[in-house]
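Only one structure is covered here, and it is reproduced in the block below.
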Amino acid sequence: MQLSDQEIVRRKALEELVKLGINPYPQAEYKVNAYAKEIQEKFTENDNHFQEVSVAGRIMSRRIMGAASFGELMDSTGRIQIYVKRDEICTGKDKTMYNTVFKRLLDIGDFIGVKGYVFVTKMGEITIHVKDITVLSKSLRPLPIVKEKDGKVYDAFSDPDQRYRQRYVDIIVNESVRETFAKRAQLIRSMRDFLNNKGYLEVETPILQPIPGGAAARPFVTHHNALNIPLYLRIANELYLKRLIVGGYEGVFEFAKDFRNEGMDRFHNPEFTQMEMYVAYKDYLWMMKTTEQMIEKITVNLHGTTKVQVGDNVIDFKAPFNRISILGAIEQYTGIDVSDLNENQLREVCKQLNIGTDVSMGKGKLIDEIFGEKCEPNYIQPTFITDYPVEMSPLCKRHRNNPALTERFELMVNGKELANAYTELNDPIDQRLRFEEQIRLAEKGDNEAMYIDYDFLRALEYGMPPTSGMGIGIDRLVMLMTNQPSVQEVIFFPQMRPEKLMKVYNSDDFKTIGVPDLWAEHIINAGFAKPDDLAGEKPTVIQQKLNGYRKKNKLQIAAIQIDEITKWIENLK
RNA sequence: GAUCCGUUAGCUCAGCAGGUAGAGCAUUUGCCUUUUAAGCAAAGGGUCCCGAGUUCGAGCCUCGGACGGAUCACCA
């Protein structure tokens with residue numbers, strides 16, 4: 001492994017700690033009785049609070065001035081300044097703990113525990129006056145140094161690639177990232193509370209499914225050895241949740257990880273979280289009200305107001321949200337009434353509007369295309385789009401006033417779909433026909449049309465009460481609520497192409513061409529990363545470089561001779 | 001999948017008509033007992049993403065590749 005100079009320094013410090021009898025990775029519990037945030041919030045100079053604190057965390061900065069030092073310690077709640085004075089942590093004659101351990105062997109990133117009392121410095125900063133330091137864990141890699149003053153961040157650790165691949169570093173160094181994920185947790189808690197308060201049952205259903213139903217998307221396939229069958233990672237949990245409604249639960253919900261084997265971009269991660277809920281005896285009108293109430297409540301819980309800044313827009317989640325039918329929306333933005341058009345006429349309209357189509361698209365898909373192209377981006381404020389054509393909603397009940405439509409809504413916010421809901425189809429005969437229609441579409445080449453789940457049909461045949469169901473994208477909701485421009489910012493470990501490790505050569509690679517052990521240790525550091533690098537150089541140049549390195553580092557080995565080097569180069573060929 | 005942009009020290013980023021690779025922070029050493037992104041001073045630190053080519057000479061130019069970002073396409 002090639003180490004940078006800073007990593008070498010830290011490894012040496014580690015060895016020295018051990019020599020001093022200090023275990024850099026101790027086993028024992030370190031008892032903590034206070035946290036940074038708590039001290040910052042509650043300490044006042046007149047009280048006798050916090051006079052014997054014990055705090056543990058990472059050293060995030062140090063300012064050493066002779067026999068006294070300031071530093072910042074970061075624990076799970078935030079940062080607090082520490083003041084370390086030599087004669088306070090070394091009460092006897094031996095000043096090693098300060099001079100050597102604290103000043104030289106500890107680094108930014110190391111975990112320590114400190115005991116002491118809290119006071120306020122002349123500069124007015126709440127600070128722990130340290131009387132005792134315990135090394136808790138040595139850090140061998142230097143952290144990025146991010147500094148901040150008056151809300152302005154300097155030298156931010158900002159490369160998305162590194163931040164997502166090494167999220168642990170991102171959350172050490174970027175406080176706002178920790179806040180985003182804290183908000184995510186709070187949002188989910190708030191939604192769960194809302195649903196629990198209604199008395200619905202939180203359930204878990206299979207992620208490995210023999211038939212990937214409930215949505216139209218390409219699934220990931222895996223294989224079960226014992227059963228010797230393919231299994232799919234779920235694209236939705238809808239059909240399982242509806243089985244539970246058949247089973248007699250009044251309301252069920254699940255926070256579900258779903259998996260879709262499709263493109264990745266800033267709105268799509270292959271695995272994402274959806275909350276789906278189903279409630280018996282309700283319809284989509286009720287569900288609209290419930291959805292807007294739930295989102296309003298979550299927003300207020302998170303922000304104390306219904307208004308949220310998202311990019312350049314302020315979005316107001318105050319219920320009720322606007323409602324418009326999909327055909328009405330199309331008429332609004334294109335001036336064309338498409339409600340009575342057949343497939344060919346729709347194709348004509350698409351052409352006229354400059355929307356690409358292909359033969360696999362049925363009537364439903366064509367309407368969806370027009371809406372997606374001409375209408376969807378316009379709905380910035382929360383808007384329910386309702387009453388979708390029957391062809392694009394195979395699990396949804398037909399509209400009570402128009403059998404060509406369904407009782408479905410999608411919630412659009414900031415020009416994107418956030419939630420999707422139905423008055424669920426519970427007529428088993430109609431459901432079977434709709435599945436069969438999907439199969440016909442599949443044969444036309446729509447690779448997202450559904451498989452038929454016969455057990456689900458069997459369940460419906462036992463009878464499912466009238467039910468309304470809704471799915472809401474948690475990642476997208478978190479993006480809105482935290483004003484983040486991409487899903488990758490709200491998922492701890494977004495999917496990335498695997499890191500490609502470059503072949504790293506070591507001393508053994510040099511030994512194979514005849515470099516003696518003593519030199520093989522040093523040759524990489526002397527500037528030859530791999531054996532082939534020797535081939536491009538004249539032997540005399542190599543000799544100079546190696547012997548120069550020997551002199552500079554005062555190596556206790558004999559100077560290298562030119563004929564040796566010539567032999568290595570011959571061995572290379 | 002297409003187009004554009006990026007990849008240089010641990011981190012953030014400069015660099016040029018092709019001529020010995022730079023800054024700030026971090027690191028090391030010395031001085032300094034209350035500092036506030038940054039005390040003062042000095043020093044060390046690089047596979048300029050990888051590979052091929054052009055050239056006397058490539059971080060820079062050409063071609064190919066890797067990875068990332070943005071936009072578009074795809075997308076119930």
Side-chain angles (χ1 to χ4, degrees), chain A residues 2-10 12-13 61-72 81 83-88 98 103-104 107-109 119-125 127 129 140-165 169 173 214-218 235-236 260-268 326 356 358 364-365 367-369 371-372 376 388-389 391-396 408 410 417 420 422 438 446-450 471 485-486 488 496-500 502-505 524 527-530 532-533 552:
Chain A
Q2 277 291 59
L3 298 176
S4 70
D5 59 335
Q6 295 195 44
E7 289 173 296
I8 291 165
V9 166
R10 283 168 183 245
K12 283 193 179 138
S61 70
R62 286 190 307 167
R63 295 182 289 278
I64 295 173
M65 35 208 57
S69 305
F70 285 88
E72 264 183 311
Q81 179 162 271
Y83 174 64
V84 182
K85 198 170 164 185
R86 185 185 63 206
D87 298 333
E88 296 263 351
Y98 183 80
K103 275 171 72 174
R104 214 156 56 70
D107 291 287
I108 290 174
F119 75 112
V120 177
T121 63
K122 277 188 197 161
M123 300 302 293
E125 179 148 352
T127 301
H129 188 121
L140 295 182
R141 274 179 194 265
L143 286 169
I145 305 296
V146 179
K147 299 201 173 175
E148 194 225 305
K149 169 148 173 129
D150 301 332
K152 203 177 165 192
V153 177
Y154 298 80
D155 296 332
F157 179 60
S158 55
D159 177 21
D161 186 29
Q162 287 198 71
R163 287 182 46 235
Y164 303 154
R165 286 189 198 279
V169 176
V173 138
R218 286 150 71 194
I235 54 176
R260 296 187 180 177
N261 200 346
E262 290 173 349
M264 290 164 58
D265 57 36
R266 94 193 141 91
F267 293 102
H268 302 268
I326 187 168
D358 65 67
K365 198 125 188 178
I367 287 176
D368 191 41
E369 281 299 309
F371 176 78
E376 187 170 309
Y388 285 66
E391 295 85 351
M392 50 195 291
S393 314
L395 296 163
C396 185
R408 170 181 182 179
E410 287 194 1
E417 177 191 345
N420 183 17
Y422 307 145
Q438 290 297 305
D446 179 348
N447 55 14
E448 289 189 348
M450 299 183 179
S486 74
Q488 285 78 16
M496 306 280 282
R497 202 177 288 274
E499 228 173 327
K500 227 176 77 177
M502 241 189 285
K503 162 109 176 105
V504 176
Y505 293 86
I524 292 176
F528 299 97
K530 53 181 185 286
D532 281 349
D533 289 355
K552 191 168 136 197

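Chain letters run A, B, ... following the sequence lines, proteins first, then strands; residues in each count from 1.
- Using a 4.0 Å heavy-atom cutoff across all strands shown, A:Phe119 reaches at least one base atom of the nucleic acid.
- Across B:U35 and B:A14, the matching C1' atoms stand 31 Å from one another, rounded to whole Å.
- In this structure, CD of A:Glu262 is placed 15 Å from C1' of B:G1, rounded to the nearest angstrom.
- Comparing the same atom, C1', in B:G57 and in B:G19 gives a spacing of 7 Å after rounding to whole Å.
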Base-pair string, RNA chain B, Watson-Crick plus G-U, cut-off 3.5 Å on both distances, | for inter-strand, is (((((((..((((.....[..)))).(((((.......))))).....(((((..]....))))))))))))....
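- The distance from atom CZ of A:Phe267 to atom P of B:C72 is 9 Å, rounded to the nearest whole Å.
- In this structure a side-chain-to-backbone donor-acceptor pair under 3.5 Å is missing from A:Arg218 to A:Glu262.
- The residue A:Ile64 sits close to a base: some heavy atom pair falls under 4.0 Å.
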Q | Check against side-chain contact (heavy atoms from CB on, under 4.5 Å), A:His129 and A:Glu88 | A | CA-CA 9 Å; A:His129 188 121; A:Glu88 296 263 351; 3.3 Å; yes
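- Going from atom NZ of A:Lys103 over to atom P of B:U35 covers 17 Å, rounded to whole Å.
- Taking atom C1' in both B:G69 and B:G10, one finds a spacing of 23 Å when rounded to whole Å.
- Distance check, rounded to the nearest 0.5 Å: NZ of A:Lys85 to CZ of A:Phe70 gives 10.0 Å.
- Comparing atom distances between the A:Val9 side chain and each of B:C25, B:G68, B:U28 picks out B:U28 as nearest.
- Donor-acceptor pairing under 3.5 Å, judged by distance alone, is present between the side chain of A:Gln81 and the base of B:U35.
- In this structure, CE of A:Met65 is placed 5 Å from C1' of B:U35, rounded to the nearest angstrom.
- Separating the P atom of B:G39 from that of B:G24 is a span of 14 Å, rounded to the nearest Å.
- Closest to the side chain of A:Gln6, out of B:G44, B:U12, B:U27, is B:U27.
- With values rounded to the nearest 0.5 angstrom, A:Gln162 atom CD is found 4.5 Å from A:Phe157 atom CZ.
- Ranking B:U33, B:C74, B:A76 by closeness to the A:Asp265 side chain, first place goes to B:C74.
- Note that OH of A:Tyr83 is 12.5 Å distant from CZ of A:Arg63, once rounded to the nearest 0.5 Å.
- Partners of A:Arg62 according to the salt bridge (charged side-chain N to carboxylate O under 4.0 Å, His left out) rule, which considers only residues two or more places apart in sequence or in another chain, do not exist here.
- Comparing B:C31 with B:C16, their P atoms are spaced 41 Å from each other, to the whole Å.
- Set against B:A76, B:G10, B:U35, the side chain of A:Thr127 has B:U35 as its closest nucleotide.
- Expressed to the nearest 0.5 Å, how far OG of A:Ser4 lies from CZ of A:Arg10 amounts to 9.0 Å.
- A sub-4.0 Å separation between OP1 or OP2 of B:A26 and a side-chain N or O of A:Arg62 is absent.
- Here A:Arg10 does not reach the OP1 or OP2 of B:G10: none of its side-chain N or O atoms lies under 4.0 Å away.
- Contact annotation: the side chain of A:Val169 approaches that of A:Pro144 to within less than 4.5 Å [non-hydrogen atoms, C-beta and beyond].
- Not one side-chain nitrogen or oxygen of A:Lys122 sits closer than 4.0 Å to the OP1 or OP2 atom of B:U35.
- Residue contacts shown for A:Arg260 are absent, as no nucleic acid heavy atom lies under 4.0 Å away.
- Residue-level contact check: A:Arg266 touches the backbone only, with heavy atoms under 4.0 Å from sugar-phosphate atoms and none from bases.
- Here A:Ile326 contributes atom CD1 and A:Ile367 contributes atom CD1; the two are 7.0 Å apart, rounded to the nearest 0.5 Å.
- Note on A:Asn420: nothing from the nucleic acid sits closer than 4.0 angstrom, heavy atoms only.
- In this structure, the nucleotide among B:G68, B:A76, B:C75 sitting nearest to the side chain of A:Asp161 is B:G68.
- Straight-line distance from the CZ atom of A:Arg497 to the C1' atom of B:U7: 16 Å, rounded to whole Å.
- Note that the CZ atom of A:Arg266 and the CD atom of A:Gln488 stand 9.5 Å from one another [nearest 0.5 Å].
- Both A:Phe157 and A:Asp87 lie near RNA chain B, and the one whose nearest nucleotide falls closer to the 5' end is A:Phe157.
- Separating the P atom of B:C49 from that of B:G59 is a span of 10 Å, rounded to the nearest Å.
- Minimum atom distance to the side chain of A:Met123 is reached by B:U36, of the listed B:A76, B:U36, B:U33.
- Here the nucleotide nearest the side chain of A:Tyr164, chosen from B:U28, B:C67, B:G69, is B:G69.
- Rounded to a whole angstrom, the distance from the C1' atom of B:U3 to that of B:U47 is 31 Å.
- Taking atom CD1 of A:Ile145 as the reference point, atom C1' of B:G45 lies 15 Å away to the nearest angstrom.
- The distance from atom CG of A:Asp159 to atom C1' of B:U8 is 13 Å, rounded to the nearest whole Å.
- For the P atoms, the distance linking B:U28 with B:C5 amounts to 41 Å, nearest Å.
- The side chain of A:Tyr83 lies closest to B:U33 when the candidates are B:U33, B:U27, B:C67.
- The CG-P distance, from A:Leu3 to B:A9, rounds to 17 Å in whole Å.
- For A:Glu410, the salt bridge (charged side-chain N to carboxylate O under 4.0 Å, His left out) criterion is met by A:Arg408, not counting sequence neighbours.
- Of the candidate nucleotides B:A38, B:A76, B:G69, B:G69 has the atom lying nearest to any side-chain atom of A:Pro160.
- In this structure, A:Ser486 and A:Glu410 both approach RNA chain B, and ranking their closest nucleotides by distance from the 5' end singles out A:Ser486.
- Of the listed nucleotides (B:G68, B:C75, B:G44), B:G44 has the atom at the smallest distance from the side chain of A:Asp5.
- Contact check, A:Lys147 against B:A26: a side-chain N or O comes under 4.0 Å of OP1 or OP2.
- Side-chain to base pairing of A:Thr121 with B:U35: one donor and one acceptor N or O lie within less than 3.5 Å of each other.
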